[in-house]
Amino acid sequence: MDSSPLNTLPQDTLHQIFSRLSLRRIAAAKCVCKSLHSALSSPSFLHLLRSTQSQPLSLVALKPSHRHVTAHPTLHAFDPAANRWIKFSLSFLPFSALHPITSCDGLLYLWASSLQNPPISPALNSQKALVVCNPLTAQFKTLPQLGSAWSRHGSVLAGSLSVVLVLTELAILYYSDNGNPKTNTFEPNISTNWLKFSSNLPSKPRSPVLISDFILTLCDVGSPWRSQWAMFKTKIANNAEKKTMQWARLEKRDWGDIFDILKRPRLVKAGDDKKVYMVGGLSSSYALQSACTTILILRLDLESLKWDEAGRMPVEMYRCFMESSKFKVFGAGNRVCFSAKRVGRLAMWEEVKGDENTQWRWVDGVLGSGDGLPRGFVFEARLDAVP
């Protein structure tokens, strides 16, 4: 950009020009060169944008491999509306071994280790900690200290008002900046440290989702020889006087064999708090080693507890997944993504009402594809999100 006419413009003029672009185009422009990245990341430009940009940018972000550590950490995200990949630099974070894991309300949550000696925060002293940031504004903070075992075995869920939960089979950790996830109000009596609750799940929680003020998860309640999946639900407790979060099995007689027809079912959060998706391989029979015919997406109405079919992967697309013994499912809202080893790209399903022909498509250009197994989450990029 040094030889560009844009470089001769006053900073205020440059800000006024780019402030008229959409958030999508601004994010793409920041990747052009260091000068533009610096100009479009300045506090004065971000302050100007907050008064003009209101719609979040809905993206699908990828989790980097735990083996992939770089000196220039970057969040790679796919923009379905523009059909292109966007890079968000995470170099503003003074940490090493950054691993994005989830997001909520425009904020990105990562496991991180200290890059400095002594560490920038006591929470990062010789162990990992949770960091929350906004990649668009380069603001961040470190959450209170956690034991290193939680980063290895816990599933992290994030909700509104900075509610964060870490789940294992035996316990649940709860943290909030004085927020009530159900009423979206602040409550000064809620601790800003981690609260620990015991858990009564029968096995490791699989694909847990946070919906309003409760959590849904799947557990294997079968035998060592045959899996049998069941859904469990618990209400979030934010009171230090409570010692446990009791899980209850969510079931209904007329569900029948809903958990028998899907192999390796996983939950995905839907676009509203009244529904949830369950995704898995559709078994061809009830035999123990039966093959799958496709991948099925079911939708559960959480008020009526009735299931209906939301989507079914086309046969020609499913053929690319047949040779892989393992695939990953992730997403939220109206999108579900699928990845598998040796496929080299993502399959994406979008719930588009009244237009069945656009529900399924391939996403190319996946970073680290090939024999890798990409994982990810939905990231709603926003400028007004403050850690």
Side-chain angles (χ1 to χ4, degrees), residues 1-2 4 6 14-15 18-19 21-43 45-46 49 53 55-112 115 131-140 328 330-332 335 337 339 344-346 348 361-370 372-385 387:
M1 182 180 164
D2 292 339
S4 171
L6 285 175
L14 189 68
H15 289 173
F18 279 91
S19 68
L21 299 179
S22 66
L23 184 57
R24 174 177 292 106
R25 293 185 178 275
I26 293 172
K30 291 177 68 174
C31 300
V32 172
C33 63
K34 291 182 179 180
S35 298
L36 265 183
H37 184 276
S38 177
L40 302 183
S41 300
S42 66
F45 181 65
L46 294 175
L49 281 183
Q53 302 284 342
Q55 292 296 323
L57 186 57
S58 183
L59 307 171
V60 176
L62 295 185
K63 299 180 182 179
S65 168
H66 284 277
R67 301 176 182 176
H68 183 70
V69 179
T70 174
H72 304 285
T74 303
L75 179 70
H76 293 261
F78 180 73
D79 182 355
N83 195 33
R84 63 174 295 171
W85 290 90
I86 300 176
K87 296 179 181 180
F88 295 95
S89 174
L90 301 177
S91 297
F92 64 90
L93 294 170
F95 312 123
S96 64
L98 294 172
H99 295 287
I101 46 176
T102 190
S103 71
C104 182
D105 292 342
L107 296 177
L108 180 67
Y109 294 79
L110 315 92
W111 287 114
L115 191 63
V131 175
V132 55
C133 72
N134 186 339
L136 276 69
T137 62
Q139 295 175 300
F140 72 93
K328 291 295 180 180
F330 56 90
R335 296 187 179 97
C337 295
S339 68
R345 48 184 177 171
L346 299 178
M348 178 183 290
R361 62 163 156 163
W362 288 108
V363 176
D364 295 308
V366 179
L367 181 70
S369 57
L373 192 60
R375 299 163 174 83
F377 52 89
V378 168
F379 175 48
E380 299 283 342
R382 290 170 46 180
L383 285 164
D384 57 351

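Note that the structure is a prediction, hence the values are computed from the model and not measured.
We find the OG1-CZ distance between Thr74 and Phe88 to be 11.0 Å, quoted to the nearest 0.5 Å. Rounding to the nearest 0.5 Å gives a distance of 9.5 Å between CG of Leu383 and CG of Leu57. Atom CZ of Arg335 is separated from atom CG of Leu59 by 8.5 Å, given to the nearest 0.5 angstrom.
Taking every heavy atom of both residues into account, Asp364 and Arg345 meet most closely at OD1-CD, 3.1 Å. The two residues Phe377 and Leu75 make their nearest non-hydrogen contact at CZ-CD1, 4.4 Å. Heavy atoms only, all atoms of each residue included: Pro387 and Cys133 are closest at CG-CA, 4.0 Å. When all heavy atoms of Phe379 and Gly106 are compared, the closest pair comes out as CE1-O, 3.6 Å. Minimum heavy-atom separation, Cys104 to Tyr109: N-CE1, 4.2 Å. Of all heavy-atom pairs between Lys63 and Pro100, the closest is CG-O, 3.4 Å.
For Ser103 (side chain) and Val378 (main-chain N/O), a donor-acceptor pair under 3.5 Å exists by modelled atom type. Between the side chain of Asn134 and the main chain of Arg382, a donor-acceptor pair closer than 3.5 Å is present.
Residues that satisfy the side-chain hydrogen bond (donor to acceptor under 3.5 Å, both in side chains) test with Asp79, not counting sequence neighbours, are Arg24.
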Next item on the list: Step by step, work out the side chain to side chain contact (heavy atoms under 4.5 Å, CB included) result for Asn83 and Phe78.
Entry: CA-CA 7 Å; Asn83 195 33; Phe78 180 73; 3.3 Å; yes
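For the side-chain contact (heavy atoms from CB on, under 4.5 Å) with Leu110, the lone residue among Ile101, Thr102, Leu93 that qualifies is Leu93.
The aromatic rings of Phe95 and Phe140 sit perpendicular, their planes meeting at an angle over 60°, well past the 30° parallel limit.
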